[in-house]
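Reviewing the structure listed below.
Please read these numbers as outputs of a predicted model, since none were measured by experiment.
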Amino acid sequence: MKKEDTVKLISSDGFEFIVDKEAAMVSQTIRNMLTSPGSFAERQHGEVTFPEISTTILEKICQYFYWHLEFASGKDREFPIEPELTLELMMAANYLHT
C-alpha cells in the first residue's frame, strides 16, 4: 500500500495508528483536514494529531472506521462498545462527526 493511501492518526499519548485513507474519511472532520484547499500540515504530511483523544479511544474510533466501511458494503455485524468507554467515545465521535 502506498503512503498516500494511508493516514497517520496520533493520539494524545503519542501513539500512532496507520489507517487506510478511505477508512479515515468516514470522519467528516478528518476528511476536511485532509482535503481542504491550502497548505495545511495535515494535508501535506498525511497525519492528524488529536491532543484531546486518548490512545484507547482513538483505537476504538479506528476500529469503527473499518466497521463502518464493512457495514456500508452490506456486512451486518455488531460493533461492541465497552460501557466504560461510552462517554469519551461519544465526545470524540461528536468532534470527529462520525
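The distance from the OG1 atom of Thr29 to the NE2 atom of His97 is 5.0 Å, given to the nearest 0.5 Å.
Side chain of Ser73 to backbone of Glu70: a donor-acceptor contact under 3.5 angstrom is found. For the pair Arg43 (side chain) and Ser36 (backbone), a donor-acceptor distance under 3.5 Å is present.
Annotation: side-chain hydrogen bond (donor to acceptor under 3.5 Å, both in side chains) contacts involving residues 84-95, sequence neighbours excluded, are absent.
Checked for salt-bridge contact, Lys8 and Glu47 meet the test: a charged N lies under 4.0 Å from a carboxylate O.
The shortest side-chain heavy-atom distance between Val19 and Tyr66 falls under the 4.5 Å cut-off. Residues Leu69 and Glu22 form a side-chain contact, since some pair of their non-hydrogen atoms from C-beta on lies under 4.5 Å apart. Using a 4.5 Å heavy-atom threshold, the side chains of Thr49 and Leu9 count as separate. For the pair Leu89/Glu82, no side-chain contact is recorded, criterion being any heavy-atom separation below 4.5 Å from C-beta on.
Residue Val26 is not grouped with residue Ile10 when hydrophobic side chains (ILVMFWY) are merged at heavy-atom distances under 4.5 angstrom, including chains of intermediate members. The hydrophobic cluster containing Leu96 does not contain Met91, counting ILVMFWY residues as joined when their side-chain heavy atoms lie under 4.5 angstrom apart, directly or transitively.
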Review item, side-chain donor-acceptor pairs of residues 50-65, under 3.5 Å, at least two apart:
| from | atom 1 | to | atom 2 | distance (Å) |
| --- | --- | --- | --- | --- |
| Ser54 | OG | Ile57 | N | 3.4 |
| Thr55 | OG1 | Ser11 | OG | 2.8 |
| Thr55 | OG1 | Asp13 | OD2 | 2.8 |
| Lys60 | NZ | Pro80 | O | 2.6 |
| Tyr64 | OH | His68 | ND1 | 3.4 |

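Every residue meeting the side chain to side chain contact (heavy atoms under 4.5 Å, CB included) condition with Glu42, not counting sequence neighbours, appears here in chain and number order: Met33, Leu34, Phe40, Val48.
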